[in-house]
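Computation of the quantities below employed the complete heavy-atom set of this structure, encompassing side-chain atoms and omitting hydrogens, waters and symmetry-equivalent molecules. Computed from a predicted model, the values in this text were never measured in an experiment. Remember, it's 1-based here, ligands and their atoms both numbered in the order they're listed.
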Amino acid sequence: MVTEIIKNREIDFKTITPSILYFGNPVAIVSSINPDGSPNLAPISSFWGLGWTMVLGQLSDTQTLDDLQRQPDCVVNVPSPDLWEAVERLAPLTGKNPVPPEKSAKFRFPPDKFVEAGLTPLASESVRAPRVKECPVQLEATVSHIHTLQGEPRLDKLGGGAAVEVRILKAHVRADFVLRENYVNPEKWQPLIYNFRHYFGLGAQLGKTFRAEI
Ligand SMILES: Cc1cc2nc3c(=O)[nH]c(=O)nc-3n(C[C@H](O)[C@H](O)[C@H](O)COP(=O)(O)O)c2cc1C
């Protein structure tokens with residue numbers, strides 16, 4: 001006996017055209033190296049990991065993508081919910097000077113994004129880009145491939161983008177979030193969630209998967 005597929009008109013859904021698809025993603029602050037050697041910092045919410053490979057979604061108009069195309073060193077810093085205001089201080093900034101015309105109404109170029117955000121640069125061990133000291137998770141990484149994303153009208157309208165594939169070289173986790181040497185304590189660690197352009201923490205735990213080791 002096969003499950004019967006019911007007809008859509010029988011249920012209460014709307015077919016809509018949202019301009020963004022940010023269904024609640026963790027935020028990261030990517031640090032990269034500008035052409036003059038200074039560090040750049042930018043929030044992203046399009047990223048995911050498989051093993052120690054991570055994919056970062058970058059719009060083509062970002063200084064971060066320019067930096068990563070030129071110089072593969074970066075750090076994926078993952079902030080906790082209490083850092084949302086620092087992330088929001090970075091939100092209207094770009095490392096592009098001059099600011100691209102399509103961004104100039106809402107964005108500005110600051111001399112130093114660490115200073116603007118009230119964040120502290122911490123030297124990395126394996127890459128040139130600095131870590132963000134206040135972020136409890138800092139993943140040193142190097143770019144391995146850049147996959148161009150094009151042909152989808154809404155992304156093309158934003159100027160296109162890229163899926164930047166990076167390899168994680170070193171994972172630094174704040175000591176109080178570490179459990180038994182190599183585990184991140186899921187009862188303590190919380191990411192900052194970007195949910196349709198609003199910031200959230202996590203709610204209470206609901207359960208765990210059959211493969212949970214702690
Ligand atoms: C919470 C948050 C999440 C963001 N996520 C992304 C993202 O996933 N990819 C992206 O290209 N831009 C994202 N942005 C926008 C960039 O941060 C913005 O374009 C910034 O100017 C890039 O800085 P840069 O030009 O110095 O690289 C996000 C912004 C915020 C505030």
Near Gly57 (heavy-atom distance under 4.0 Å), the atoms of ligand 1 are 7 (C), 8 (O), 9 (N), 10 (C), 11 (O)
min-distance protein heavy atom vs atom 27 (O) of ligand 1 -> Thr64 OG1, 2.6 Å
- Message: Between Arg108 and Glu116, does any side-chain N to carboxylate O distance fall below 4.0 Å?
- Response: yes
message: Is it the case that the ring center of Phe200 lies less than 6.0 angstrom away from the ring center of Tyr194?
response: no
For Leu59, the ligand 1 atoms with a heavy-atom partner under 4.0 Å come out as 10 (C), 11 (O)
Within 4.0 Å of some non-hydrogen atom of Ala42, the atoms of ligand 1 are 22 (C), 23 (O), 27 (O)
Within 4.0 Å of some non-hydrogen atom of Tyr199, the atoms of ligand 1 are 1 (C), 31 (C)
Has Lys96 got more than 12 heavy atoms of other residues, nucleotides or ligands less than 6.0 Å from its NZ?
-> yes
min-distance protein heavy atom vs atom 25 (O) of ligand 1 -> Thr94 OG1, 2.6 Å
To atom 18 (C) of ligand 1, the nearest of Lys96, Lys103, Glu88 on a heavy-atom basis is Lys103
Distance col, row Leu119:CG vs Phe114:CZ, nearest 0.5 angstrom, shows 7.0 Å
Assess whether atom CZ of Arg167 is packed by more than 12 heavy atoms of other residues, nucleotides or ligands within 6.0 Å.
no
Taking only non-hydrogen atoms of Asn40 and a 4.0 Å limit, the atoms of ligand 1 in range are 24 (P), 26 (O), 27 (O)
A student comparing Ser46, Pro43, Pro100 should find that the heavy atom closest to atom 16 (C) of ligand 1 comes from Pro43
Check your understanding: Can an N or O of Gln63 be found at a distance shorter than 3.5 Å from an N or O of ligand 1?
Key -> yes
Note: Val78 and Cys135 closest approach over all heavy atoms is O-CB, 3.6 Å
One finds that the ligand 1 atoms under 4.0 Å from a non-hydrogen atom of Gln58 are 11 (O)
Report yes if some heavy atom in the side chain of Gln138 is under 4.5 Å from a heavy atom in the side chain of Val132; otherwise report no.
-> no
Here the atoms of ligand 1 under 4.0 Å from any heavy atom belonging to Leu93 are 20 (C), 21 (O), 23 (O)
re atom 6 (C) of ligand 1, the protein heavy-atom contact at minimum distance is Ile44 CA, 3.4 Å
Thr62 heavy atoms within 4.0 Å reach ligand 1 at atoms 11 (O), 19 (O), 22 (C), 25 (O), 27 (O)
| task | Please indicate whether Arg70 has more than 12 foreign heavy atoms, meaning atoms of other residues, nucleotides or ligands, lying under 6.0 Å from its CZ. | result | yes
Review point. When clusters are formed by joining ILVMFWY residues with side-chain heavy atoms under 4.5 Å apart, either directly or through shared neighbours, do Leu65 and Phe47 land in the same one?
Key: yes
*What is the ring orientation for Tyr199 with Trp84, classed by angle as parallel under 30°, tilted 30 to 60°, or perpendicular over 60°?*
tilted
- Message: Are any of the N/O atoms on Tyr194, whether in the backbone or the side chain, positioned under 3.5 angstrom from an N/O atom of ligand 1?
- Response: no
Looking only at non-hydrogen atoms, the one of Gly159, Ser45, Ala91, Ser60 nearest atom 31 (C) of ligand 1 is Ala91
